[in-house]
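These numbers come from the heavy atoms of this one structure, side chains and all, not from hydrogens, waters or symmetry mates. For this chain, numbers begin at 1 and follow the sequence in order. Just so you know, these numbers come straight off a predicted model, no measurement behind them.
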Amino acid sequence: MHFTAPLNHITGLVPQSLKNCSTLKRVRLEQNQLTGNVEDMFGVYPNLDYIDLSDNNFFGHLSSNWGKCKNLTSLKISNNNLSGSILPELGGATNLHVLDLSSNHLTGKIPKDLGNLTFLLQLSLSSNHFFGEVPVEIASLQELTTLDLAANNLRGFIPKQFGMLPMLLNLNLSHNKFDGNIPFEIGQLKVIENLDLSGNFFNGTIPAMLGQLKYLETLNLSHNYLSGVIPFSNGEILSLTVVDISYNQLEGPIPSIPAFHKATIEALKNNKGLCDPTHVIESDNVQVRDDLTIETVPMRIEGREVKKLRIKEIASMKVVWGGPAGENATWELESKM
């Protein structure tokens, strides 16, 4: 059975009878105005392959029943009002390809049991309230193409094992509380296209191995505490089109890479001291004659004073001179005028 009604303006609750519909195979209710407690509305479906409840007003906790749906390949409940944590039982849905729980109010730690979802292609948990460290077990998801954990309260180091995700195209860890060095192993993500580590507490230098990411298109390292020089050489990461390294402590020359030279001031500002050696302004070759003088002539006398010394008097006048640069006044000896 398929139950599909996406992109409508349906309001109210999902029919209670759906909970016991064991033949349910596909559900698409995304982008409606449905509400209700998701924990109570859905049961165990042995044939369920796809469910999308995104962009509604569902609330409540995630049910452990989802982990019992052994044929489920896509579970999407993004942009709702879910709360509570991800239960370890969800790791039992071992055929999942897509898990998108982004933009909810989920909290707690990311369970290491998600490492059991070895067919997972997309894991999106962004814009929630997850905290703690990212479990290293996530690195066992060898088919993963998108990992989005942005806008949470995650902290600690990035597991260096993330560099062993051979299919990863998109990695977004922005706006968390990660710290320490960016592991050089990230430079081993040979097919990555989009890397966003902005808005964290990373320090140390930018790993030179990032220059070997030949398919990288966007790189955002802004709003961290990175220091030192930018280590990319001419001829590296030529696929890069968008870069943002603002609000760090970087210094030295900007790499001779097109994306850096096309970057806006906003994408480079608030660093310790970046310079661009290819943008030196050449001065004009101006010839100056050795005998060049500017002629001035006296215009008027604006004052006179006499200094009385012991044996003589010295008279001087305030003379206003005129010339190409305008007027100026000097005191001159009256005997010389």
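- Looking only at distances, no side-chain donor or acceptor of Asp148 sits under 3.5 Å from a matching main-chain atom of Leu173.
- Taking each heavy atom of Gly211 and Glu236 in turn, the nearest pair found is O-CB, 3.3 Å.
- Atoms CZ and CG, on Arg28 and Leu53 in that order, are 11.5 Å from each other to the nearest 0.5 Å.
- In the hydrophobic cluster analysis, where Ile, Leu, Val, Met, Phe, Trp and Tyr join through side-chain heavy atoms closer than 4.5 angstrom, Phe232 is grouped apart from Tyr215.
- Checking side-chain atoms of Asn248 against main-chain N and O of Leu226 turns up a donor-acceptor pair under 3.5 Å.
- Residues Leu87 and Pro111 have side chains not in contact (no heavy-atom distance under 4.5 Å, counting atoms from C-beta outward).
- At least one side-chain heavy atom of Phe130 sits under 4.5 Å from a side-chain heavy atom of Leu154.
- Residues Val27 and Met1 fall within the same hydrophobic cluster, defined by Ile, Leu, Val, Met, Phe, Trp and Tyr side chains chained together at heavy-atom separations under 4.5 Å.
- Ile86 places a side-chain heavy atom less than 4.5 Å from the side chain of Leu125.
- For the pair Leu147/Leu168, a side-chain contact is recorded, criterion being any heavy-atom separation below 4.5 Å from C-beta on.
- Rounded to the nearest 0.5 Å, atoms CG (Leu99) and CD1 (Ile77) are 8.5 Å apart.
- Asn71 places no side-chain N or O within 3.5 Å of a backbone atom of Leu48 that could act as its donor or acceptor partner.
- Taking 4.5 Å as the limit, every side-chain heavy atom of Asp179 sits out of range of all side-chain heavy atoms of Phe202.
- When all heavy atoms of Ile182 and Ile186 are compared, the pair lying nearest together is CG2-CG1, 4.4 Å.
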Self-check item: Derivation and outcome, side chain to side chain contact (heavy atoms under 4.5 Å, CB included), residues Leu169 and Ile192
Solution: CA-CA 4 Å; Leu169 300 173; Ile192 195 165; 5.8 Å; no

Practice problem: Under the side chain to side chain contact (heavy atoms under 4.5 Å, CB included) rule, what do Leu18 and Phe3 come out as? Steps first, then yes or no, please. | Solution: CA-CA 9 Å; Leu18 198 66; Phe3 184 26; 3.7 Å; yes

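- The shortest heavy-atom contact between Tyr50 and Leu72 is N-CD1, 3.9 Å.
- A 4.5 Å side-chain heavy-atom check between Leu210 and Leu216 finds every atom pair outside the cut-off.
- Atom CZ of Arg155 is separated from atom CG of Asn176 by 10.0 Å, given to the nearest 0.5 angstrom.
- Atom NZ of Lys262 sits in a sparse spot, with 12 or fewer heavy atoms from other residues, nucleotides or ligands closer than 6.0 Å.
- Between Thr94 and Phe119 the shortest side-chain heavy-atom distance does not fall below 4.5 Å.
- Remark: side-chain polar atoms of Asn203 are not paired, donor with acceptor, to backbone N or O of Tyr225 under 3.5 angstrom.
- Using a 4.5 Å heavy-atom cutoff, the side chains of Asp244 and Leu221 are not in contact.
- By the 6.0 Å contact criterion, NZ on Lys112 is open, its count of non-hydrogen atoms from other residues, nucleotides or ligands being 12 or less.
- Side-chain N or O atoms of Glu137 include none that pairs as donor or acceptor with a backbone N or O of Val134 at under 3.5 Å.
- Checked by atom type and distance alone, the side chain of Gln142 pairs as donor or acceptor with a backbone atom of Met164 at under 3.5 Å.
- In this structure, the side chain of Asn104 engages the main chain of Asn80 through a donor-acceptor pair within 3.5 Å.
- Val191 and Leu213 end up in different hydrophobic clusters when Ile, Leu, Val, Met, Phe, Trp and Tyr side chains are linked at under 4.5 Å.
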Practice problem: Using the side chain to side chain contact (heavy atoms under 4.5 Å, CB included) rule, take Leu75 and Trp66 through it: C-alpha gap first, then chi angles, then the decisive distance, then the call. | Solution: CA-CA 9 Å; Leu75 176 59; Trp66 298 120; 4.1 Å; yes

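- The aromatic rings of Phe42 and Phe58 lie perpendicular to each other, with more than 60° between the two planes, well past the 30° mark.
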Quiz item: Does the side chain to side chain contact (heavy atoms under 4.5 Å, CB included) test come out yes or no for Met209 and Gln188, once each step is laid out?
Solution: CA-CA 7 Å; Met209 284 190 68; Gln188 297 172 352; 3.7 Å; yes

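- Here the closest heavy-atom approach between residue Leu123 and residue Leu144 is recorded as N-CD1, 4.0 Å.
- Defined by atom type and a distance below 3.5 Å, a donor-acceptor pair is present between the side-chain atoms of Asn79 and Asp55.
- For Met41, the CE atom is densely surrounded, since the number of other residues' heavy atoms within 6.0 Å is greater than 12.
- Glu143 and Thr145 share no side-chain donor-acceptor pair at under 3.5 Å.
- Rounded to the nearest 0.5 Å, atoms CZ (Phe131) and CD1 (Ile110) are 10.5 Å apart.
- When atom types are taken as modelled, the side chain of Asp52 and the backbone of Ser54 share a donor-acceptor pair closer than 3.5 angstrom.
- Rounded to the nearest 0.5 angstrom, Gln31 CD and Asn8 CG are separated by 10.0 Å.
- In this structure, Asn128 contributes its side chain and Leu101 its backbone to a donor-acceptor pair below 3.5 Å.
- Within the 3.5 Å criterion, the main-chain N or O of Ser174 finds no donor-acceptor partner in the side chain of Asp196.
- Contact detail for Thr107 and His129: the closest heavy-atom pair is OG1-O, 3.3 Å.
- Contact record, Leu141 with Leu114: CD2-O, 3.6 Å, taken as the closest heavy-atom pair.
- Taking CG from Leu171 and CZ from Phe162, the interatomic distance works out to 7.0 Å, rounded to the nearest 0.5 Å.
- With respect to the salt-bridge test (charged N to carboxylate O, under 4.0 angstrom), the residues Asp49 and Arg26 qualify.
- Heavy atoms of other residues, nucleotides or ligands lying less than 6.0 angstrom from NZ of Lys272 number 12 at most.
- Each of Asn172, Thr218, Thr146 was checked for a side chain to side chain donor-acceptor pair (under 3.5 Å) with Asn194, and the lone residue meeting it is Thr218.
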